[in-house]
Amino acid sequence: MLCANQLCLSIGEKVILDDVGLTLQPGEMLAVLGPNGAGKSTLLKALSGDIPELAHSISLNGKRLKHWTPASLAQYRAVMPQFVQLTFAFSVEEVIETSLRHPMPSALRNTHIQQMLSLFDAEHLRHRNYLSLSGGEQQRVQLARVISQLETLPIQEPQYLFLDECTSSLDLTHQHQVFQVLKNMAKEKNRAVLVILHDLNLAAQYADRILLMKAGRGVALGGVKEVLDATQLTEVYEYPIDVIEHPGGWPLVIPAHYSLVA
Ligand code: ADP
Ligand code: MG
């Protein structure tokens with residue numbers, strides 16, 4: 001399990017995280033939602049171990065982050081940041097290879113790369129220059145890279161995947177394919193998945209729990225129906241929002257009717 005207690009972070013006068021706490025269980029998908037600037041990416045950085053002053057307040061599998069070495073942490077948690085910038089003209093295959101921590105026999109490596117890319121409908125991109133891909137194609141390759149990082153070692157203890165707006169450039173079909181892969185992976189491999197999202201309806205359909213943030217604070221943390229409450233969302237997003245029931249049984253979030261004032 002991942003536990004984070006009372007995370008507080010300020011930079012200069014600005015409070016970026018204000019007493020945020022959460023737990024993340026193996027096998028579950030937690031969606032982190034909230035307006036721009038709410039502190040979502042900063043929270044993900046903290047949970048990833050990238051903010052040293054918060055590493056004593058976060059534990060992974062019972063051990064505080066400050067006691068993990070970078071090499072062992074990399075076996076247990078993989079991170080896809082909001083912005084991934086590559087300046088070298090790596091091929092897609094080489095991008096996936098960066099996630100391999102140990103040399104693999106070439107036949108095994110070939111199959112592994114193929115499998116990782118095929119999870120996200122990207123096997124046909126294997127020999128392309130990464131920099132020549134569309135934004136959505138690059139996101140699918142990055143997803144394959146982070147899953148690959150967790151796949152390459154036989155680990156008994158729970159592993160964690162942190163994804164920051166990982167479907168923001170994807171079309172509707174690929175968004176749902178990605179979430180189905182992530183959801184199945186969480187259940188079958190008992191991995192914990194934390195996703196930062198702007199699409200409230202993807203969260204409604206796939207998340208097990210939701211953390212709703214605003215101005216550095218955790219406004220609500222709980223089940224999908226509890227957190228996706230119309231009044232609460234309207235307050236947090238400062239925009240009129242309705243919630244109705246999707247035919248599938250989960251909440252369907254819709255912006256309330258907007259009429260132009262003459
Ligand atoms: P979100 O991902 O929810 O959009 P972020 O976590 O990226 O928000 O940022 C939260 C707030 O903290 C934003 O207002 C952002 O401008 C500010 N912030 C983040 N990093 C820094 C920094 N290094 N220096 C100053 N302000 C920062
Ligand atoms: Mg962000």
Side-chain angles (χ1 to χ4, degrees), residues 2-24 29-58 60 65-66 73 77-86 135-136 138-143 145-147 149 160-170 174-175 178-179 182 192-204 206-222 224 227-229 232-239 241 253 255:
L2 176 149
C3 292
N5 288 313
Q6 299 177 315
L7 301 182
C8 295
L9 183 73
S10 296
I11 298 182
E13 296 283 287
K14 180 158 176 70
V15 177
I16 298 182
L17 293 177
D18 186 1
D19 201 16
V20 180
L22 61 89
T23 59
L24 182 61
M29 180 184 284
L30 175 74
V32 180
L33 310 177
N36 294 142
K40 306 179 299 295
S41 294
T42 306
L43 173 65
L44 184 140
K45 273 186 209 148
L47 300 178
S48 307
D50 292 339
I51 304 182
E53 59 264 48
L54 295 180
H56 62 282
S57 305
I58 301 164
L60 204 64
L65 280 187
K66 65 175 184 176
L73 201 51
R77 67 98 183 89
V79 184
M80 180 166 157
Q82 186 171 1
F83 305 106
V84 183
Q85 282 181 330
L86 286 188
Q138 289 188 349
Q139 271 189 332
R140 279 152 44 214
V141 170
Q142 289 300 333
L143 280 158
R145 180 186 64 77
V146 289
I147 303 285
Q149 184 186 325
Y160 300 79
L161 192 57
F162 303 147
L163 306 166
D164 196 347
E165 299 193 30
C166 67
T167 52
S168 58
S169 299
L170 301 189
H174 283 114
Q175 286 179 4
V178 165
F179 272 88
L182 296 175
V193 181
L194 182 145
V195 284
I196 293 175
L197 280 176
H198 280 304
D199 188 330
L200 306 182
N201 287 314
L202 280 176
Y206 293 103
D208 297 301
R209 289 190 304 142
I210 294 176
L211 169 65
L212 183 62
M213 294 184 69
K214 182 170 188 177
R217 295 189 66 86
V219 174
L221 174 61
V224 168
V227 175
L228 296 182
D229 168 78
Q232 183 158 256
L233 292 176
T234 299
E235 277 174 23
V236 165
Y237 286 93
E238 299 176 23
Y239 194 88
I241 290 173
V253 180

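Below, each value reflects all heavy atoms present in this structure, side chains not excepted, and no hydrogens, waters or symmetry copies. Whatever order the structure lists ligands and atoms in, that order sets their numbers, starting from 1.
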Using a strict 4.0 Å cut-off to heavy atoms of T42, name the atoms of ligand 1 that fall inside it. 5 (P), 6 (O), 9 (O)
Within 4.0 Å of atom 16 (O) of ligand 1 (strictly less), any protein heavy atom? no
Reported CD-to-CZ distance for the pair Q142 and F83, which is rounded to 0.5 angstrom: 13.5 Å
Do Q138 and V84 pass the side chain to side chain contact (heavy atoms under 4.5 Å, CB included) test, and can you show the C-alpha distance, the side-chain angles, and the key distance before you say yes or no? CA-CA 9 Å; Q138 289 188 349; V84 183; over 6 Å; no
Using 2.8 Å as a strict upper limit, say whether an N, O or S atom of T42 approaches the Mg ion (ligand 2) that closely. no
Of all the atoms in ligand 1, which lie at a distance below 4.0 Å from a heavy atom belonging to I11? 21 (C), 22 (C), 23 (N), 24 (N)
If we only count N/O pairs under 3.5 Å, is A38 in contact with ligand 1? yes
Close approach of G34 to ligand 1, heavy atoms, under 4.0 angstrom: no
Heavy-atom nearest neighbour of atom 4 (O) of ligand 1 within options G37, S41, G39, P35: G37
M80 versus L143: any side-chain heavy-atom pair under 4.5 Å? yes
What atoms in ligand 1 come closer than 4.0 Å to a heavy atom of K14? 11 (C), 12 (O), 13 (C), 14 (O), 17 (C)
Going through the distances and angles, do F179 and L197 end up as a side chain to side chain contact (heavy atoms under 4.5 Å, CB included)? CA-CA 11 Å; F179 272 88; L197 280 176; 3.7 Å; yes
Could you confirm whether N36 has any N/O/S atom lying under 2.8 Å from the Mg ion (ligand 2)? no
Checking the N or O distance criterion of under 3.5 Å, is ligand 1 in contact with Q82? no
Validation row: V236, L212 side chains within 4.5 angstrom (heavy atoms): yes
In the structure I gave you, are the side-chain heavy atoms of R209 and T23 within less than 4.5 Å of one another anywhere? yes
Which atoms of ligand 1 sit under 4.0 Å from any heavy atom of N36? 4 (O)
Is there side-chain contact between L60 and L47, with heavy atoms separated by less than 4.5 Å? no
Heavy atoms only: which of L44, I16, L43 lies closest to atom 18 (N) of ligand 1? I16
Between R140 and L170, what is the shortest heavy-atom contact and its length? CD-CD2, 3.8 Å
